[in-house]
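Structure first, then comments.
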Amino acid sequence: MNPSILLHDLTVWMPAALRLQHLVDRLRDAFGCDAVALLALEPGEPASLRPLASAGLVRDALGRRFRLHEHPRLAAILASAEVVAFEQDSRLSDPYDGLIDARQGQPLPVHDCMGLRLQQDGRPWGALTLDGLTPGRFDAAARHRLTEAAAWAEACVRVTRLERENEALRQGRDGAARGGADEASALSTPAEADWEITAHSPAMRQLLEESRVVAESDLPVLLLGETGVGKELFARRLHRLSARRDRPLVQVNCAALPETLAESELFGHVRGAFSGATGERAGRVEAAQGGTLFLDEVGELPLALQAKLLRTLQNGEIQRLGSDRPRKVDVRILAATNRDLRAAVREGHFRADLYHRLSVYPLPIPPLRERSDDVLPLAGRFLELNRARLGLRSLRLAPEAERALLAYPWPGNVRELEHVIGRAALRAAGRLRDRHHIVTLGLDLLGLESAEPLPGPPVTGDPAQPPAGPACLPGTAVRAGATLREVTDAAQRACLQAALQACAGNWSAAARRLGVDSSNLHKLARRLNLK
């Protein structure tokens, strides 16, 4: 390795991700190997290593998490203070089998491997691994050179951490005061500042930084985004980074609250408040005392409960059902919705004053189709989870499968991607007789074609003439120029009426027929003015 080049990389400013990428690129060139990876020790249980930068591995590698108890080679590297090398005939499986990006995408096993534990502040920080597809690549001299290179790698990591600490201080935040797991993750990971949220795209990296700032305040936060984008993960992140991290985080799915018991669930009740109330009971708000209350799908709250929630936000008070005595509470409110609450306010389905109280700091989370840089790292994470769950030696994507994932619009966002990878892995495992092979998921296993829009009703009339209005379900009547919300409401109204007619007016049977919760069906019917 050329010391002058390494010294230059340490002394000039560059983005943290680029600095670490320079390191692994230069190591790969210096050792003439097929792949190099820099991995950080991830906090929590079970302990795992997360790649921060790699050269020569497939693109989804940066999203993977290598749990030490599942990867004995990585565990051995972390347990030793010296370079650890594995011979070609080692019986310990290699975490990168099939993941080295070489020879037209053919999945090949690793034949030569060595690695070294990296330290920071006298404690294990992570690992540096070098791999080759041909045996005998790393001799005793190469192992000695890796020992010398470790000092440069540790210095590179330290510079990255110091730059992030200085940036935090410049923005008026004390990075050292946070402590715990988040400090280790945030100051050592340039591309991803959270071990739950995969963020390699500029939009998500900016969102992680913005959420870090607002987490330290006690402001209510409204998380906005489509279904499946990860609003719950951000709610947990906001709580974990807040001063309330040692107090409870209580989550409430507002859409799943039974209408008749919703007030009691949220605010509690006293004995005799209703039939069956044989004792006094605290609600979810009191359960979050001193901590955080996360209201998921807050747009589904009934108007009556919205008024009571507003009182909690304004005065820090609740009143148990059946009691006339207010109780003081100290909770931070986080809320999430995939609905357009502004439109709901205009239509009278959501209180304007509550909306403004909840949206003191709105955090819109972009859909997956707007952050393509995250698709393959997310896929890598789900691939590794399914590999471990199914007991496979290695699980990877074929090149055409990668291209298909990048081209797909992901209407179901991250949740849909997780399900696609999970189904494909199950299909592949079902075809195997021996799970000790490298398994490649091809385009045929992804089944993305099944998520294409279903065909609409047959077109009648003159095909040369455009339709008078938007396409809709049979039985719906939508005026020309109708908004998307009006079209959606018309379709839902027709679907609900058809289900009720088929079930002879039985609401419970209609709910089962439509695959929804009965209480949610009643809420929808009221919104559509059917009750």
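Heavy-atom basis, side chains included; hydrogens, waters and symmetry copies ignored. This one's a predicted model, so the numbers in the text were calculated from it and none came from an experiment.
- Residues forming a side chain to side chain donor-acceptor pair (under 3.5 Å) with D29 (at least two apart in sequence, or on another chain): none.
- Atom CG of L224 is separated from atom CG of L363 by 8.0 Å, given to the nearest 0.5 angstrom.
- In this structure, CD1 on I438 lies 5.0 Å from CZ on R393, to the nearest 0.5 angstrom.
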List the steps, then state whether side chain to side chain contact (heavy atoms under 4.5 Å, CB included) holds for L341 with V298. CA-CA 9 Å; L341 288 189; V298 70; 4.3 Å; yes

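- Put simply, the side chain of Q21 reaches to within 4.5 Å of the side chain of V24, judged on heavy atoms.
- Using a 4.0 Å cut-off between charged nitrogen and carboxylate oxygen, E418 and R415 do not count as a salt-bridge pair.
- Looking at heavy atoms from C-beta onward, L38 lies out of side-chain contact with L27 at the 4.5 angstrom threshold.
- Under the 4.5 Å side-chain criterion, counting only non-hydrogen atoms from C-beta, E82 is not in contact with T147.
- Residue L385 holds its CG atom at 11.0 Å from CD1 of I421, rounded to the nearest 0.5 Å.
- Residues satisfying the salt bridge (charged side-chain N to carboxylate O under 4.0 Å, His left out) criterion with R369, sequence neighbours excluded, are E226.
- Looking at R19 and C156, their side chains come closer than 4.5 Å, going by heavy atoms from C-beta outward.
- Annotation: side chain of V229 is not in contact with side chain of F234 (no heavy-atom distance under 4.5 Å).
- Side-chain atoms of D60 do not come within 3.5 Å of backbone N or O of L376 as any donor-acceptor pair.
- More than 12 non-hydrogen atoms from other residues, nucleotides or ligands lie less than 6.0 angstrom from CD of E210.
- In terms of heavy-atom proximity, A215 sits nearest to L241 at CB-CB, 3.6 Å.
- A salt bridge links R244 with D218: the closest approach of a Lys/Arg side-chain nitrogen to an acidic carboxylate oxygen falls below 4.0 angstrom.
- Across all their heavy atoms, A379 and L417 have their closest contact at N-CD2, 4.0 Å.
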Run the numbers on R161 and D121 for side chain to side chain contact (heavy atoms under 4.5 Å, CB included), then give the verdict. CA-CA 12 Å; R161 296 180 64 200; D121 303 323; 3.3 Å; yes

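- Among the candidates V58, L405, L443, T440, the single residue satisfying the side chain to side chain contact (heavy atoms under 4.5 Å, CB included) test with L397 is L405.
- Judged as a salt bridge (Lys or Arg N to Asp or Glu O under 4.0 Å), not a single pair has a partner in residues 249-258 (not counting sequence neighbours).
- Under the ring pair (Phe, Tyr, Trp, His ring centres under 6.0 Å) criterion, H71 pairs with F66, sequence neighbours left out.
- Between the CG atom of L99 and the CG atom of L383 there is a distance of 9.0 Å, given to the nearest 0.5 Å.
- D444 and R431 are joined by a salt bridge, as a carboxylate oxygen and a charged side-chain nitrogen come within less than 4.0 angstrom of each other.
- Residues that satisfy the side chain to side chain donor-acceptor pair (under 3.5 Å) test with R59, not counting sequence neighbours, are E402.
- Under a 3.5 Å cut-off, the side chain of R28 and the backbone N or O of D34 do form a donor-acceptor pair.
- Residues that satisfy the salt bridge (charged side-chain N to carboxylate O under 4.0 Å, His left out) test with E300, not counting sequence neighbours, are R339.
- Between the side chain of R371 and the backbone N or O of M204 there is no donor-acceptor pair closer than 3.5 Å.
- Closest approach of C254 and L301 over heavy atoms only: SG-CG, 3.8 Å.
- Side-chain contact check for L223 versus L238: some heavy-atom pair is nearer than 4.5 Å.
- Taking each heavy atom of S359 and L222 in turn, the nearest pair found is CB-CD2, 3.8 Å.
- Applying the side chain to side chain donor-acceptor pair (under 3.5 Å) test to D139 and every residue at least two apart in sequence or in another chain returns nothing.
- Within a 6.0 Å radius of NE2 in H144, no more than 12 heavy atoms belonging to other residues, nucleotides or ligands are found.
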For L49 and T129, what are the C-alpha separation, side-chain angles and deciding distance, and is it a side chain to side chain contact (heavy atoms under 4.5 Å, CB included)? CA-CA 11 Å; L49 285 169; T129 61; over 6 Å; no

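- F382 is linked by a ring pair (Phe, Tyr, Trp, His ring centres under 6.0 Å) to nothing, counting only residues two or more places apart in sequence or in another chain.
- For the pair E154 (side chain) and L118 (backbone), a donor-acceptor distance under 3.5 Å is absent.
- Residues F31 and V36 have side chains not in contact (no heavy-atom distance under 4.5 Å, counting atoms from C-beta outward).
- Within the 4.5 Å cutoff, no side-chain heavy atoms of S242 are placed close to those of E216.
- Between the side chain of R143 and the backbone N or O of V83 there is no donor-acceptor pair closer than 3.5 Å.
- Listed by first and then second residue, the ring-ring contact (aromatic ring centres under 6.0 Å, His included) pairs involving residues 409-430 are Y408-W410 (not counting sequence neighbours).
- Nearest heavy-atom pair, L441 versus A401, reported as atom, atom and distance to 0.1 Å: O-CB, 3.4 Å.
- If you run salt bridge (Lys or Arg N to Asp or Glu O under 4.0 Å) between R73 and each of D94, D131, D97, only D94 comes through.
- Between the side chains of R237 and S211, a donor-acceptor pair is found at a separation under 3.5 Å.
- Under a 3.5 Å cut-off, the side chain of R145 and the backbone N or O of A30 do form a donor-acceptor pair.
- A salt bridge between E209 and R205 is absent, with no side-chain N of the basic residue lying under 4.0 Å from a carboxylate O of the acidic one.
- Interatomic distance, T198 OG1 to L378 CG, rounded to the nearest 0.5 Å: 4.5 Å.
- For D112, the side chain to side chain contact (heavy atoms under 4.5 Å, CB included) criterion is met by R137, F138, not counting sequence neighbours.
- The backbone N or O of A40 sits nowhere less than 3.5 Å from a side-chain atom of R50 that would complete a donor-acceptor pair.
- Put simply, the side chain of N413 gets close to the backbone of L368: a donor and an acceptor are under 3.5 Å apart.
- Nearest heavy atoms, A81 versus L116: O-CD1, 4.1 Å.
- Between the side chain of R332 and the backbone N or O of S217, at least one donor-acceptor pair lies under 3.5 Å.
- Here R247 pairs with nothing under the salt bridge (charged side-chain N to carboxylate O under 4.0 Å, His left out) rule; sequence neighbours left out.
- Side chain of R284 to main chain of L266: no donor-acceptor pair is present (N/O by atom type, distance under 3.5 Å, no hydrogens or angles).
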Would you give me the side-chain donor-acceptor pairs under 3.5 Å for residues 288-296, sequence neighbours excluded?
unit_1, atom_1, unit_2, atom_2, d
Q289, OE1, D330, N, 3.1
T292, OG1, H239, ND1, 2.8

Could you go through Q251 and L249, starting from their C-alpha distance and side-chain angles, then the distance that decides it, and tell me whether this counts as side chain to side chain contact (heavy atoms under 4.5 Å, CB included)? CA-CA 7 Å; Q251 180 173 343; L249 169 64; 5.7 Å; no

